[in-house]
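To start, the structure itself, in C-alpha cells.
Counting starts at 1 for both ligands and their atoms, following the listed order. Only a predicted model underlies this, so the values are computations on that prediction, with no experimental measurement involved.
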Amino acid sequence: MKKTILTGLRPTGNLHLGHYFGACQNYLKLQDDYEFYLEIADVQALTDNFNNPEKVRVNVYEITKDLLAIGLDPNKVNFFIQSKIPEIAELTVYYGNLVTVARLQRNPTVKNEIAQKKELFGNSGESITYGFLGYPVSQAADITAFKGELVPVGEDQLPLIEQCREIVRKFNSIYGETLLEPVPYLSENKRIKGLDGNEKMGKSLGNAIYLVDDEDTIKKKVMGALTDKNKIKKDDPANPDVCMVHYYHKLINSYENTKIVEEECRKGCRGCVQCKKELIVAMNNFLKPIQDRRKKYEENPELVEEILNSGTKKAQEKAKNVMNDVKKAMKIDY
Ligand code: TRP
Ligand code: SF4
C-alpha cells in the first residue's frame, strides 16, 4: 500500500520561486509514489486574513492554477479545500485540550510570525487572536485527518510538524494508539534568497519572483538585483559568490553557462548588464513551460473547479474514516 502524504499551502498569494525550489519541487518528485493530499488551506489563511475574505477566495484558485502549472498531475494529487472538510475543524476542537497556551506561545514559527506582524503593523501582543495562536493545532488536525505520514514542507514549517507530533503522542497515550506521527520531508535548497540579497524570498519582503511574472516584470526585477558592490567598471574582476545574479544563474541556468558566468566574472571580462540580460533570458525560458501549462487552466476555469471538487471528495472520504477512529478512541462514538 502507498504511504500517505499530506501537505498544504495558504492561499494568500501566487507561488514564487522560493516555493518552487522549496517544497514544490518535492511535490513533483513525490507525486508518483504516494497517496497525495494537497490542501489549499483557506481556513488557515483566514486566521490572519479574516478581514479580507475576497483575497483568500481569489487565491484559492490562483494557487491551484500555479500548482497545476508546475506540473502536478490531478490524477495523482488530490487537491482539496480545507474548509470543505469539517472533520478538520472538529479535530481541532479535541486537540485543543492536548496543548497548552504556553506551548503555542513558544512555537518558533508562531513567534516569528507575530514578530513579523509587529514589525509591519506595529501591533501590540494583545491583538493576536485565539484563532491565530491556535493555528498549529488546526494544522495538526490537517495532517492527522488524513493519517499523513510524510509532510513535504519548507524548513520554516518544522516547528509546526513537531507540534503535531507532540499532539499525536499525547492523543495516543491518553486514548490508545490511533494517530500516526508524521515525518517532515525537507528540500535540498533549504531557503531561496531574494534577488536583493535577502536570506529569504517572500511576498512580505517585496523581493519575490512569481511564476506568473511576465517578461517586463522579470526584466525590472533582474535589472535591480544585487551584484558585487566592489565592481564599478565593466571590466573589473569581481566575486560571483556575493552576487545574486550569479546565484540565480546557478539556480536556473545550465551548468555550462553558469561556469562561464563564474569564470568571466572573476577574470573581469563580463559586464553586469550583459550578465543580467542573460539571466533574464534564462529566467523567461524557465518560466515559459510553466506559464504555457497555466494558460489552459486560465482559459478553462471549470477544469480547475472540477479538479478541486474531485480531490475534495476523496479527501472527505478519507477524513470521515479517520474521524470515526478518533471518536471511537475518545468514547464519543454515540
Ligand atoms: N502552514 C503552511 C504554510 O504556511 C500551510 C499548511 C497548512 C500546511 N496546513 C498544512 C503545511 C499541513 C503542511 C501540512 O504554508
Ligand atoms: Fe554578478 Fe555577473 Fe556582475 Fe559578476 S558579472 S558581479 S556574476 S552580475
Side-chain angles (χ1 to χ4, degrees), residues 4-13 15 18-19 22-24 26-27 36-49 59 63 80-83 85 88 92 107 109-110 112-113 132 135-146 148-161 163-165 182-186 195 197 202-204 222-250 253 257-280:
T4 303
I5 284 184
L6 178 292
T7 193
L9 286 158
R10 292 185 200 203
T12 51
L15 293 185
H19 295 117
C24 292
N26 279 337
Y27 301 171
F36 199 142
Y37 296 91
L38 211 179
E39 174 184 279
I40 311 299
D42 61 340
V43 177
Q44 189 175 110
L46 284 165
T47 58
D48 56 349
N49 291 280
N59 281 304
I63 214 163
F80 72 95
I81 301 178
Q82 186 184 15
S83 61
I85 313 291
I88 294 174
T92 304
N107 183 307
T109 310
V110 174
N112 237 338
E113 284 170 333
F132 182 75
Y135 97 74
V137 183
S138 163
Q139 186 156 323
D142 293 343
I143 298 169
T144 53
F146 302 90
E149 296 171 79
L150 202 62
V151 189
V153 281
E155 68 170 352
D156 63 312
Q157 295 291 303
L158 289 180
L160 293 168
I161 313 291
Q163 181 109 57
C164 175
R165 290 167 61 90
V183 177
Y185 189 94
L186 278 185
L195 273 172
K203 184 171 166 224
S204 53
V222 172
M223 280 302 176
L226 179 77
T227 58
D228 182 350
K229 284 195 209 91
N230 294 321
K231 184 170 162 93
I232 313 286
K233 290 197 289 326
K234 200 168 122 186
D235 48 6
D236 284 344
N239 178 11
D241 296 339
V242 298
C243 171
M244 298 318 295
V245 177
H246 172 247
Y247 175 88
Y248 274 86
H249 271 295
K250 259 197 310 199
N253 211 334
N257 286 345
T258 306
K259 278 280 154 239
I260 294 171
V261 168
E262 212 173 307
E263 274 171 38
E264 292 186 351
C265 175
R266 284 194 205 283
K267 278 193 215 146
C269 53
R270 164 171 286 262
C272 292
V273 173
Q274 179 60 25
C275 197
K276 286 176 175 173
K277 281 189 179 154
E278 287 175 18
L279 179 61
I280 291 166

Residue pair Glu113, Tyr135: steps toward the side-chain hydrogen bond (donor to acceptor under 3.5 Å, both in side chains) verdict: CA-CA 12 Å; Glu113 284 170 333; Tyr135 97 74; 2.7 Å; yes
Check whether any side-chain heavy atom of Ile280 lies under 4.5 Å from a side-chain heavy atom of Met223, and answer yes or no. yes
Could you tell me whether a side-chain N or O of Asp228 sits under 3.5 Å from a main-chain N or O of Val242, the two making a donor and an acceptor? no
Could you tell me whether the side chain of Lys231 and the main chain of Lys234 form a donor-acceptor pair under 3.5 Å? yes
Protein residues having a heavy atom less than 4.0 Å from any atom of ligand 2: Thr227, Asp228, Lys231, Cys243, Val245, His246, Val261, Cys265, Arg270, Cys272, Cys275
Quick check: does any side chain N or O of Asn26 sit under 3.5 Å from a backbone N or O of Ala23, one acting as donor and the other as acceptor? no
With a 3.5 Å cut-off and no angle check, do the side chains of Gln163 and Gln139 form a donor-acceptor pair? no
Going by the angle between their ring planes, with limits at 30° and 60°, are Phe36 and Tyr27 parallel, tilted or perpendicular? perpendicular
Between ligand 1 and the protein, tabulate every N or O atom pair separated by less than 3.5 Å, reporting distance only.
from	atom 1	to	atom 2	distance (Å)
ligand 1	1 (N)	Gln44	OE1	2.7
ligand 1	1 (N)	Gln139	OE1	2.8
ligand 1	1 (N)	Gln157	OE1	2.9
ligand 1	4 (O)	Arg10	NE	3.2
ligand 1	4 (O)	Gln157	NE2	3.4
ligand 1	9 (N)	Glu39	OE2	3.3
ligand 1	9 (N)	Asp142	OD2	2.7

Indicate yes or no for a side-chain donor-acceptor contact from Gln82 to the backbone of Gln44 under 3.5 Å, with no hydrogens or angles considered. yes
Do any N or O atoms from the side chain of Lys203 and from the backbone of Thr12 form a donor-acceptor pair under 3.5 angstrom? yes
